[in-house]
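Scroll down for the structure; my scribbles are underneath it.
Only a predicted model underlies this, so the values are computations on that prediction, with no experimental measurement involved. The sequence lines fix the lettering, A, B, ..., with proteins before strands; numbering per chain opens at 1.
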Amino acid sequence: MIPLLGISTQALFGQLLLGLINGAFYALLSLGLAVIFGMLNIINFAHGALYMVGAFCAYFLLQLLGLNYWFALIISPLVVGLLGMIIERTMLQRLAGLDHLYGLLLTFGLALIIQGLFQNYFGSSGLPYAIPRELSGGQNLGFMFLPNYRGWVIIFSLIICLATWFMIEKTRLGAYLRAATENPALVRAFGINVPRMVTLTYGFGVALAALAGVLAAPINQVRPLMGADFIIVVFAVVVIGGMGSILGSIVTGFLLGLIEGLTKVFYPEASNTVIFVIMAIVLLVRPAGLFGRTA
Amino acid sequence: MSVDTASESLTAPVEVAHPRDEQIAFLLMTAALIVAPLIAYPFFLMQALCFALFACAFNLLVGYVGLLSFGHAMFLGAAGYFSAHIAKVWGWPPELAIITAAIGAGAIGIVTGALAIRRQGIYFSMITLALSQMIYFFCLQAPFTHGEDGIQAVPQGKMFGFINLSHQMTLYYVVLAIFLFGFLAIHRIINSPFGEILKAIRENEPRAISLGYKTDRYKLAAFVLSATLVGLAGATKAIVAQNASLTDVHWSMSGEVVLMTLVGGLGTIFGPVVGAFVIVAMQNYLAGFGQWVTVIQGVIFVACVLAFRRGIVGEIAHLFKRSL
């Protein structure tokens with residue numbers, strides 16, 4: 001093993017891999033936040049809680065119905081997406097025309113309710129969720145050992161992110177979506193059902209969070225508070241990237257995951273705070289965010 | 001992105017101020033707080049007073065400048081650690097510990113405020129939340145805060161050398177005096193020419209800029225004042241409870257102060273006080289129900305936002321068409 005700056009390459013690549021996985025989750029979550037923000041102009045504080053619900057959904061499917069990981073990967077986002085659409089229809093829609101900060105307060109309240117309920121029934125400790133049989137084991141790449149499941153998480157979330165980008169930027173549906181973001185009244189005048197699009201957008205955004213939750217279940221344990229602190233870091237990621245660009249959210253997510261992983265190797269004490277420090281620097285140098293538009 | 005001109009702002013439209021109403025309400029509140037320890041536990045009241053000052057100082061920012069900070073726990077918690085450390089390790093008298101800690105919180109406010117006011121609206125909330133999480137991790141790792149244990153057994157000492165704070169009733173009236181000082185300071189700030197400019201920024205920032213006001217400076221000044229007054233509350237709270245812990249720096253505390261202010265009435269002078277007493281009392285009564293408290297708080301949040309946006313004092317003021 002060749003040591004690099006006193007650190008073995010094994011440890012370095014191990015942490016980089018972990019960073020990349022965290023980056024995948026940052027990307028999926030901040031992508032959902034950006035999509036929702038574009039249409040609804042609110043920051044979805046319940047995003048972390050719904051990410052947790054996604055993971056729990058996978059756990060329930062396995063324990064109660066015996067449905068494995070691959071079913072969970074499809075069913076869990078659908079269930080959470082439906083839940084999100086109900087939330088949008090029954091509550092968020094009533095806030096139209098009010099200060100956007102009310103949306104933040106409402107979704108914060110929802111996050112407290114959801115997390116509190118799960119904590120009541122499952123405490124704060126983690127529930128185990130096994131890695132699917134097809135993805136156990138790993139590959140020896142020579143310079144490092146790559147567990148199959150971790151490789152899968154990175155590749156799969158990259159595919160989902162790029163598919164989302166393609167759908168929003170290159171398809172007709174995405175064009176409607178972007179148009180409705182710019183000028184909802186005008187798009188409505190063309191006969192497009194904008195309120196339904198808003199509902200579907202919210203559902204889609206939180207379904208991405210649930211998908212991230214299912215992906216995280218075998219890596220991090222399934223815990224009621226798994227999304228509570230995580231979402232604050234994702235907020236910082238969103239501030240750094242700016243929510244103006246879909247591709248920007250994806251790039252920023254993966255990049256910051258990598259930086260966090262590197263920090264764990266070279267200066268572990270700062271690994272919790274490095275993203276916040278980067279946020280402070282970005283605010284000083286480029287207040288609109290790396291990919292943001294100046295308001 | 002389109003700018004909605006018709007959106008209802010976070011606070012009720014400005015009602016005509018009736019100084020006499022406010023004076024009567026203030027005298028009633030002060031009288032009630034003076035006799036309160038005869039019927040309620042002084043310790044509970046002192047906790048509630050600290051939270052009331054916390055909420056009032058938070059409201060200075062959200063209610064009068066329109067900046068919703070989701071990170072005010074950092075000032076409460078950091079000032080608590082400062083005052084506990086100064087009183088216990090340095091052995092300073094309580095009044096110096098409290099004042100120094102409040103100034104310390106103000107100093108944190110200068111740095112975090114300068115960063116946060118670079119963005120508006122939702123971004124401002126996210127930035128303050130992220131910065132306070134950074135302070136939280138700092139408090140978790142720094143040696144002087146003792147991590148998970150916190151600073152325990154903080155001496156209460158003698159204020160100005162002769163007021164013995166370990167006597168509970170004496171401590172109560174000292175805390176009441178500190179609360180009234182903070183409350184009146186906020187009242188003074190709101191009704192000063194400076195406060196009028198803050199309200200102008202809340203109503204229409206571009207117009208305030210076009211009138212030649214450097215709004216960033218006003219926003220930063222309001223942020224630092226708010227942080228310092230929150231620090232005063234946090235420092236006092238640490239002396240009252242004789243400890244400083246991670247609870248006060250955690251983001252859930254930032255959420256609680258938003259809830260208190262929302263329940264009492266955003267942008268009302270007495271609302272945060274009422275809201276703080278309601279929420280602290282609720283937490284006391286429901287302490288045995290574990291995590292259900294969180295669920296109930298969430299339900300109150302949702303209910304307030306959907307149906308009760310004026311808050312308790314806001315509704316009363318609206319009923320009588322007065323500003324309170």
Is it true that atom CZ of A/Phe60 has more than 12 heavy atoms of other residues, nucleotides or ligands lying nearer than 6.0 Å? yes

Separation between CZ (A/Phe235) and CE (B/Met126), nearest 0.5 Å, reads 6.5 Å

Taking atom CD1 of B/Ile122 and atom NE2 of A/His100, what is their separation to the nearest 0.5 Å? 6.5 Å

Turns out that what part of A/Met91 lies under 4.5 Å from chain B's heavy atoms comes down to both

Quick check: closest heavy atoms across B/Tyr123 and A/Val238, and the distance to 0.1 Å? CE2-O, 4.4 Å

Region of B/Val302 in contact with chain A, defined by heavy-atom distances below 4.5 Å: both

Sidechain-backbone polar pair: B/Arg118 side chain, A/Leu283 backbone, donor-acceptor under 3.5 Å: yes

Given a strict heavy-atom distance threshold of 4.5 Å, which part of B/Tyr136 is in contact with chain A: side chain, backbone, both, or neither? neither

Working note: B/His250 + A/Asp229, criterion side chain to side chain contact (heavy atoms under 4.5 Å, CB included); need CA distance, chi angles, decisive distance, verdict. CA-CA 10 Å; B/His250 195 246; A/Asp229 286 343; 4.0 Å; yes

Atom pair CZ/OG1 of B/Phe301 and A/Thr107 - distance to nearest 0.5 Å: 9.5 Å

Less than 4.5 Å apart, side chain to side chain, heavy atoms only: is that true for A/Val277 and B/Met134? yes

Applying a strict 4.5 Å limit to non-hydrogen atoms, the region of A/Val233 in contact with chain B is neither

Give, for atom CZ of A/Phe108 and atom CG of B/Leu259, the distance between the pair rounded to the nearest 0.5 Å. 8.5 Å

Candidates A/Ile43, A/Leu105, A/Ile232 - the one meeting side chain to side chain contact (heavy atoms under 4.5 Å, CB included) with B/Phe70: A/Leu105

How far does CZ of B/Phe138 sit from CG of A/Asn272, to the nearest 0.5 angstrom? 13.5 Å

Contact leader toward chain B among A/Glu269, A/Arg94, A/Met279, where contacts are heavy-atom pairs under 4.5 Å: A/Met279

Let me confirm one number: the CD1-CG distance from B/Ile296 to A/Leu112, rounded to the nearest 0.5 Å. 12.0 Å

Which heavy-atom pair separates B/Leu266 from A/Tyr102 by the least distance, and what is that distance? CD1-OH, 4.4 Å

Portion of A/Leu95 that has a non-hydrogen atom of chain B nearer than 4.5 angstrom: side chain

Does the side chain of B/Arg309 come within less than 4.5 Å of A/Asp99's, by heavy atoms? no

Other residues, nucleotides and ligands only: do more than 12 of their heavy atoms fall within 6.0 Å of CZ on B/Phe144? yes

Tell me, for A/Phe118 versus chain B, whether the close heavy atoms (under 4.5 Å) come from the side chain, the backbone, both or neither. neither

Using heavy-atom distances under 4.5 Å, tell me whether B/Leu262 contacts chain A through its side chain, its backbone, both, or neither. side chain

Verify side chain to side chain contact (heavy atoms under 4.5 Å, CB included) between B/Trp251 and A/Ile231, making sure each step is shown before the conclusion. CA-CA 12 Å; B/Trp251 57 262; A/Ile231 196 65; over 6 Å; no

